Q: 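Let me give you the structure first, and then I'll get to my questions.
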Amino acid sequence: MPGFDSVIGLEEVVDYLQNIIKSDKVAQTYIFYGEKGTGKKLLSGILAMTLQCEKHGIEPCLECSSCKKAETRNHPDIITVYHEKPASIGIDEIRAQLVDDILIRPECSPYKIYIVPEAEKMTTQAQNALLKTLEDLPKYAKIFLLTDNVDMLLPTIRSRCVHLAMRLVSEPKVKKYLMDACDVPDYYAELDAAYAQGNIGKARDIATSGEFHSRVDTCVEILSRSYHMPMVQVNDCVKRLTEEKADIDEYLELFTMWFRDILLFKATAEVDKLVFRRQLDMIKKRASQSSYEGLQEILNAIEKVKTRLKSNVNFELSIELLLLTIREN
């Protein structure tokens with residue numbers, strides 16, 4: 001695990017953490033909150049490693065015995081709470097892994113640190129058991145709750161914790177990170193950053209999987225010839241998207257980005273802010289063919305398809321209606 005300098009776009013949180021480490025004012029309980037992929041696990045892990053580091057600095061040294069144990073996830077005093085059921089963390093799991101275990105002093109470190117991923121999944125009984133522990137924590141204990149939805153935690157738990165928000169990162173920073181750290185070409189880095197909407201973990205995942213970029217190419221192929229597309233081609237596209245039904249959310253988001261680009265270019269003739277800049281000729285052509293009302297109708301139709309598919313409406317029919325709307329507008 002790297003140090004704080006590897007955390008992208010959360011400079012204010014990192015500065016805050018390093019300042020409290022330096023001044024020896026680290027609280028006992030923290031809530032790291034933000035959507036999945038925004039750095040909760042990374043940042044809480046670096047903080048835990050730093051607090052246990054034998055050199056007692058504001059960064060983990062990555063050289064001492066404690067840091068090496070933490071890097072390999074074998075540190076006896078940094079405990080990650082796991083749960084068997086995907087949907088919930090039960091009271092027995094909280095008791096066995098945290099409530100009862102916390103009474104045992106650290107084995108080889110100044111602190112005993114508990115990291116609870118997906119803390120919002122704790123049942124009410126599990127949260128109440130944790131609450132009793134929070135009310136009388138041993139001085140050596142620290143608890144980091146990681147959650148996508150802080151409102152799912154009991155108000156009494158929230159009030160006893162310091163809250164650390166994992167903010168979304170600006171698109172230029174995400175793009176630079178993808179190009180520098182993941183060796184993603186400029187064009188795809190721009191697309192990945194726009195699609196991820198500031199979620200750097202999500203951007204990294206789609207940039208390194210390879211599959212997303214393949215879907216981008218398919219999307220461009222379909223939409224570049226969508227205006228007054230022959231019905232036989234509409235049917236071919238429906239069939240193709242049906243074969244990739246599991247990834248339809250990504251396709252629909254890419255469709256939205258494509259037509260927003262067209263609408264933006266039609267309104268401003270600016271190129272720099274386009275996501276699909278590499279397809280500028282196609283964007284220009286469609287902007288000249290479609291009216292503002294038609295483009296808005298297409299964007300509305302995409303949103304309607306998202307809603308219909310969530311309601312289990314016939315997939316092929318929904319996609320066909322969308323493509324026909326795209327074709328006629």
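Predicted model only: the values in this text are computed from it and were never measured.
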Q: Would a 4.5 Å heavy-atom cut-off, applied to side chains only, mark Ile78 and Lys69 as touching?
A: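 No, their side chains stay 4.5 Å or more apart.
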Q: What closest approach, in Å, do Phe259 and Ile302 show between heavy atoms, and which atom pair accounts for it?
A: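 Looking at all heavy atoms of both residues, the shortest contact is CD1-CD1, 4.3 Å.
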Q: Report the residues that fulfil side-chain hydrogen bond (donor to acceptor under 3.5 Å, both in side chains) with Tyr251, sequence neighbours left out, ordered by chain and then residue number.
A: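 Counting only residues at least two positions away or on another chain, Tyr251 forms a side-chain hydrogen bond (donor to acceptor under 3.5 Å, both in side chains) with Glu244.
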Q: Return the minimal non-hydrogen interatomic distance between Asp192 and Ala203, and the atom names on each side.
A: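 Nearest pair, atom of Asp192 first, then Ala203: O-CB, 4.3 Å.
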Q: For Arg225, does the CZ atom have more than 12 heavy-atom neighbours from other residues, nucleotides or ligands under 6.0 Å away?
A: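 Above 12, so yes.
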Q: Does the distance from a Lys or Arg side-chain N to an Asp or Glu carboxylate O, for Asp101 and Lys112, drop under 4.0 Å?
A: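 Yes, charged N to carboxylate O under 4.0 Å.
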Q: Could you tell me whether a side-chain N or O of Gln28 sits under 3.5 Å from a main-chain N or O of Pro138, the two making a donor and an acceptor?
A: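 Judged by distance alone, yes, a pair lies under 3.5 Å.
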Q: Treating Gln52 as the side-chain partner and Tyr111 as the backbone partner, does any N or O pair qualify as donor plus acceptor under 3.5 Å?
A: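 Here the side-chain-to-backbone pair exists.
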Q: Can you see whether His83 engages Glu118 through a side-chain donor-acceptor pair at a distance of less than 3.5 angstrom?
A: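 There is such a pair (donor and acceptor under 3.5 Å, judged by atom type) between the side chains of His83 and Glu118.
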Q: Show me the side-chain donor-acceptor pairs of residues 214-223 shorter than 3.5 Å, one per line, residues at least two apart or across chains.
A:
| from | atom 1 | to | atom 2 | distance (Å) |
| --- | --- | --- | --- | --- |
| Arg215 | NE | Glu250 | OE1 | 2.6 |
| Arg215 | NH1 | Asp247 | OD2 | 3.2 |
| Arg215 | NH2 | Glu250 | OE1 | 3.0 |
| Asp217 | OD1 | Tyr188 | OH | 3.0 |
| Asp217 | OD2 | Tyr188 | OH | 3.3 |
| Thr218 | OG1 | Ser214 | O | 3.2 |
| Glu221 | OE1 | Arg240 | NH1 | 3.3 |
| Glu221 | OE1 | Arg240 | NH2 | 3.4 |
| Glu221 | OE2 | Arg240 | NH1 | 3.1 |

Q: If you define the side chain from C-beta out and look only at heavy atoms, does anything of Leu62 sit under 4.5 Å from Met49?
A: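 Of all side-chain heavy-atom pairs linking Met49 with Leu62, at least one is under 4.5 Å.
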Q: Say you draw a straight line from CE of Met166 to CG of Asp148; how long is it, rounded to the nearest 0.5 Å?
A: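 If I round to the nearest 0.5 Å, the distance is 12.0 Å.
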Q: Just checking, is any N or O donor in the side chain of Gln296 or Asn300 under 3.5 Å from an acceptor N or O on the other one?
A: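 Asn300 and Gln296 do have a side-chain donor-acceptor pair below 3.5 Å.
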Q: Please collect all side-chain hydrogen bond (donor to acceptor under 3.5 Å, both in side chains) contacts where either partner lies in residues 57-68, sequence neighbours excluded, each pair once.
A: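 Listed once each, the pairs are Gln18-Glu59, Lys55-Glu63, Ser66-His75.
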Q: Does any N or O in the side chain of Gln233 come within less than 3.5 Å of the main-chain N or O of Pro230, such that one atom is a donor and the other an acceptor?
A: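 Here the side-chain-to-backbone pair does not exist.
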Q: Compare all side-chain heavy atoms of Lys41 with those of Phe32 and state whether any distance is below 4.5 angstrom.
A: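 No, too far: nothing below the 4.5 Å cut-off.
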Q: Among Glu120, Lys121, Arg158, which residue meets the side-chain hydrogen bond (donor to acceptor under 3.5 Å, both in side chains) test with Thr147?
A: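 In the set Glu120, Lys121, Arg158, the residue that makes a side-chain hydrogen bond (donor to acceptor under 3.5 Å, both in side chains) with Thr147 is Glu120.
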Q: Hey, does the side chain of Glu320 reach the backbone of Val238 with a donor-acceptor pair shorter than 3.5 angstrom?
A: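 Looks like no, no N/O pair under 3.5 Å.
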Q: Looking at every non-hydrogen atom in both residues, tell me the closest pair between Glu303 and Thr256 and how far apart they are.
A: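 It is OE2-OG1, 4.2 Å.
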Q: Who clusters with Ile157? Use side-chain heavy atoms, under 4.5 angstrom, across I, L, V, M, F, W and Y, and order the result by chain and number.
A: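 Taking Ile, Leu, Val, Met, Phe, Trp and Tyr as members, Ile157 shares its hydrophobic cluster with Ile31, Tyr33, Ile79, Val81, Ile89, Ile94, Leu98, Val99, Ile102, Leu103, Tyr114, Val116, Met122, Leu130, Leu131, Leu134, Leu137, Ile143, Leu145, Val150, Leu153, Leu154.
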Q: Would you say the side-chain atoms of Lys175 pair up with the backbone N or O of Asp186, donor to acceptor, closer than 3.5 Å?
A: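 Judged by distance alone, no pair lies under 3.5 Å.
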Q: Linking I/L/V/M/F/W/Y whenever any side-chain heavy atoms sit under 4.5 Å apart, do Leu146 and Ile113 land together?
A: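 Yes; Ile113 is reachable from Leu146 via cluster members.
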Q: What's the shortest heavy-atom distance between Ile115 and Ala48, and which atoms?
A: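 Shortest heavy-atom separation between Ile115 and Ala48 comes out as CD1-CB, 4.3 Å.
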Q: Can you spot which of Lys36, Glu35, Arg204 makes a side-chain hydrogen bond (donor to acceptor under 3.5 Å, both in side chains) with Asn199?
A: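 When Lys36, Glu35, Arg204 are each tested with Asn199, the side-chain hydrogen bond (donor to acceptor under 3.5 Å, both in side chains) holds only for Glu35.
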Q: Is the backbone N or O of Arg160 less than 3.5 Å from a side-chain atom of Thr29, with the two atoms forming a donor-acceptor pair by type?
A: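 Side chain of Thr29 to backbone of Arg160, a donor-acceptor pair under 3.5 Å: yes, one is there.
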Q: Once rounded to the nearest 0.5 Å, what's the spacing between atom CG of Leu309 and atom CG of Asp249?
A: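 Going from the CG atom of Leu309 to the CG atom of Asp249 covers 8.0 Å.
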Q: Counting C-beta onward and ignoring hydrogens, is there a side-chain heavy-atom pair between Arg327 and Leu324 closer than 4.5 Å?
A: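 Contact flag for Arg327/Leu324 side chains = yes.
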Q: Between atom CD of Glu171 and atom NZ of Lys273, what is the distance when rounded to the nearest 0.5 Å?
A: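 Rounded to the nearest 0.5 Å, the CD-NZ separation comes out at 11.5 Å.
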Q: For Ser226 and Ile326, work out which heavy atoms get closest and say how close.
A: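 For Ser226 and Ile326, the tightest heavy-atom pair comes out as OG-CG2, 3.4 Å.
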Q: Could you work out, with salt bridge (charged side-chain N to carboxylate O under 4.0 Å, His left out) as the rule, every residue matching Glu11, not counting sequence neighbours?
A: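 Once residues adjacent in sequence are excluded, the partners of Glu11 under the salt bridge (charged side-chain N to carboxylate O under 4.0 Å, His left out) criterion are Lys173.
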Q: Rounded to the nearest 0.5 Å, how far does CZ of Arg286 lie from CG of Asp281?
A: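 Between Asp281 CG and Arg286 CZ, I get 15.5 Å after rounding to 0.5 Å.
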Q: How long is the straight-line distance from CG of Leu10 back to CG of Leu168, given to the nearest 0.5 Å?
A: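 Rounded to the nearest 0.5 Å, the CG-CG separation comes out at 9.5 Å.
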Q: Is the count of non-hydrogen atoms from other residues, nucleotides or ligands lying under 6.0 Å from Lys176 atom NZ greater than 12?
A: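 No - once you tally the heavy atoms of other residues, nucleotides and ligands closer than 6.0 Å, there are 12 at most.
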Q: Could you go step by step and tell me if Lys202 and Tyr195 meet the side chain to side chain contact (heavy atoms under 4.5 Å, CB included) rule?
A: CA-CA 9 Å; Lys202 183 177 181 180; Tyr195 182 82; 3.6 Å; yes
Q: Please step through side chain to side chain contact (heavy atoms under 4.5 Å, CB included) for the pair Met282 and Trp258, ending with a clear verdict.
A: CA-CA 10 Å; Met282 300 175 192; Trp258 176 269; 4.0 Å; yes
Q: Are Met229 and Ile319 connected into the same hydrophobic cluster when the rule is that any two of I, L, V, M, F, W, Y join if their side-chain heavy atoms are below 4.5 Å apart?
A: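 Same cluster: Ile319 reaches Met229 through Ile, Leu, Val, Met, Phe, Trp or Tyr contacts under 4.5 Å.
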Q: Stepwise, does the side chain to side chain contact (heavy atoms under 4.5 Å, CB included) test hold for Leu17 with Leu43?
A: CA-CA 10 Å; Leu17 291 176; Leu43 197 56; 4.0 Å; yes
Q: If you count every heavy atom of other residues, nucleotides or ligands that lies below 6.0 Å from Asp183 atom CG, does the total exceed 12?
A: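 No - once you tally the heavy atoms of other residues, nucleotides and ligands closer than 6.0 Å, there are 12 at most.
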Q: Side chains of Val14 and Asp5: does their closest heavy-atom pair fall under 4.5 Å?
A: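 Counting from C-beta outward, Val14 and Asp5 never come under 4.5 Å.
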Q: With a cut-off of 3.5 Å and sequence neighbours excluded, list every side-chain donor-acceptor pair involving residues 261-272.
A:
| from | atom 1 | to | atom 2 | distance (Å) |
| --- | --- | --- | --- | --- |
| Asp261 | OD1 | Val275 | N | 3.1 |
| Asp261 | OD2 | Val275 | N | 2.9 |
| Asp261 | OD2 | Phe276 | N | 2.6 |
| Lys266 | NZ | Ala287 | O | 2.7 |
| Lys266 | NZ | Ser290 | O | 2.9 |
| Thr268 | OG1 | Leu264 | O | 2.8 |
| Thr268 | OG1 | Glu270 | N | 3.1 |

Q: More than 12 foreign heavy atoms under 6.0 Å from CD of Glu12: is that the case here?
A: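 At most 12 heavy atoms, drawn from other residues, nucleotides or ligands, come within 6.0 Å of this atom.
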Q: Looking only at heavy atoms, what is the nearest atom pair of Leu323 and Cys237, with distance?
A: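 Looking at all heavy atoms of both residues, the closest pair is CD1-CB, 3.7 Å.
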Q: Would you say Glu135 has more than 12 foreign heavy atoms packed within less than 6.0 Å of its CD?
A: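 Enclosed.
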Q: Above 12 or not: heavy atoms from other molecules or residues under 6.0 Å from CE of Met152?
A: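 Not more than 12 within 6.0 Å, no.
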Q: Just by modelled atom types, is the Ser109 backbone N or O under 3.5 Å from a matching donor or acceptor in the Asp77 side chain?
A: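 Yes, because the side chain of Asp77 sits within donor-acceptor range (under 3.5 Å) of the backbone of Ser109.
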Q: How far apart are the C-alpha atoms of Glu190 and Leu274, what are their side-chain angles, what is the distance that settles it, and do they pass the side chain to side chain contact (heavy atoms under 4.5 Å, CB included) test?
A: CA-CA 9 Å; Glu190 184 91 29; Leu274 300 182; over 6 Å; no
Q: From Glu93 CD over to Ser88 OG, what is the distance, rounded to the nearest 0.5 angstrom?
A: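 Those atoms lie 7.0 Å apart.
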